[in-house]
Amino acid sequence: EMDQKFIDAIANVRLVSGTIRLDLMNITGQTEDKKLQFGKTGELILSPAAFSQALKTMQDVDAELKKRVDDTKKNKK
């Protein structure tokens, strides 16, 4: 069965024994001054090769999203 996880943030990125580890965070509430509070809900552990591939994929998605925003702005003019 495929595991799906919704995350609000990534924190505490570190290198441990040759792997890149990232804490997966979810919003757990707000402080009285309206700052968000986060709790760790999991950890992503990647080999350097998997991290590089994931980074490239995210950079490609980021570029596509920026292109779509630019296209939308051009079409509204």
Side-chain angles (χ1 to χ4, degrees):
E1 184 177 327
M2 185 173 69
D3 180 33
Q4 292 184 343
K5 190 161 194 86
F6 180 84
I7 61 169
D8 293 307
I10 293 174
N12 194 24
V13 179
R14 62 214 179 272
L15 185 63
V16 178
S17 300
T19 61
I20 294 94
R21 296 180 182 225
L22 307 94
D23 289 348
L24 307 178
M25 311 296 286
N26 283 107
I27 296 169
T28 57
Q30 283 186 329
T31 62
E32 287 183 18
D33 60 351
K34 303 295 183 195
K35 290 184 181 175
L36 295 176
Q37 295 176 313
F38 292 88
K40 181 178 175 180
T41 58
E43 191 172 305
L44 191 57
I45 304 168
L46 301 163
S47 68
F51 179 82
S52 292
Q53 190 275 331
L55 179 60
K56 181 182 180 330
T57 299
M58 288 184 206
Q59 288 170 331
D60 291 347
V61 170
D62 183 56
E64 177 62 24
L65 291 173
K66 287 176 180 173
K67 180 183 175 298
R68 289 181 187 189
V69 168
D70 288 344
D71 290 348
T72 300
K73 286 179 182 176
K74 287 177 189 174
N75 290 336
K76 285 186 177 181
K77 290 181 179 180

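The shown structure was predicted, so the numbers you read here are calculated from the model rather than taken from an experiment.
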Exercise for review: Determine, using the 4.5 Å side-chain heavy-atom cutoff (strictly less than), whether L65 and M58 are members of one ILVMFWY cluster.
Suggested key: no
Practice item. Indicate if I10 and I27 have the same hydrophobic cluster label, given that clusters are the connected sets of ILVMFWY residues with side-chain heavy-atom separations under 4.5 angstrom. Key: no
**Study point:** Test item: N75 side-chain N/O and D71 main-chain N/O as donor-acceptor pair under 3.5 Å
**Key:** yes
Point to revise | Minimum side-chain heavy-atom gap T19-L46 below 4.5 Å | key: no
Check your understanding: Any side-chain heavy atom of D8 sitting closer than 4.5 Å to one from M25?
Key -> no
Practice item. Answer whether the closest heavy-atom distance between the side chains of R14 and D23 falls below 4.5 Å. Key: yes
Check your understanding: Same cluster for V16 and I20 if Ile/Leu/Val/Met/Phe/Trp/Tyr side chains link at under 4.5 Å?
Key -> no
Review point. Between P48 and G18, what is the shortest heavy-atom contact and its length?
Key: CD-O, 3.2 Å
Check your understanding: Do the side chains of L55 and L24 join up, straight or via other hydrophobic residues, at under 4.5 Å, putting them in one cluster?
Key -> yes
Practice item. Decide salt bridge (Lys or Arg N to Asp or Glu O under 4.0 Å) for D60 and K56; before the verdict, give the C-alpha distance in whole Å, the side-chain angles of both, and the deciding distance to 0.1 Å. Key: CA-CA 6 Å; D60 291 347; K56 181 182 180 330; 2.8 Å; yes
Revision key, fill the gap. d(R21 CZ, L15 CG) to nearest 0.5 Å is 9.5 Å
Review point. How long is the span from the CD atom in Q37 to the CD atom in Q30, to the nearest 0.5 Å?
Key: 8.5 Å
Check your understanding: Do I7 and V13 belong together in a cluster built from hydrophobic side chains that touch within less than 4.5 Å?
Key -> yes
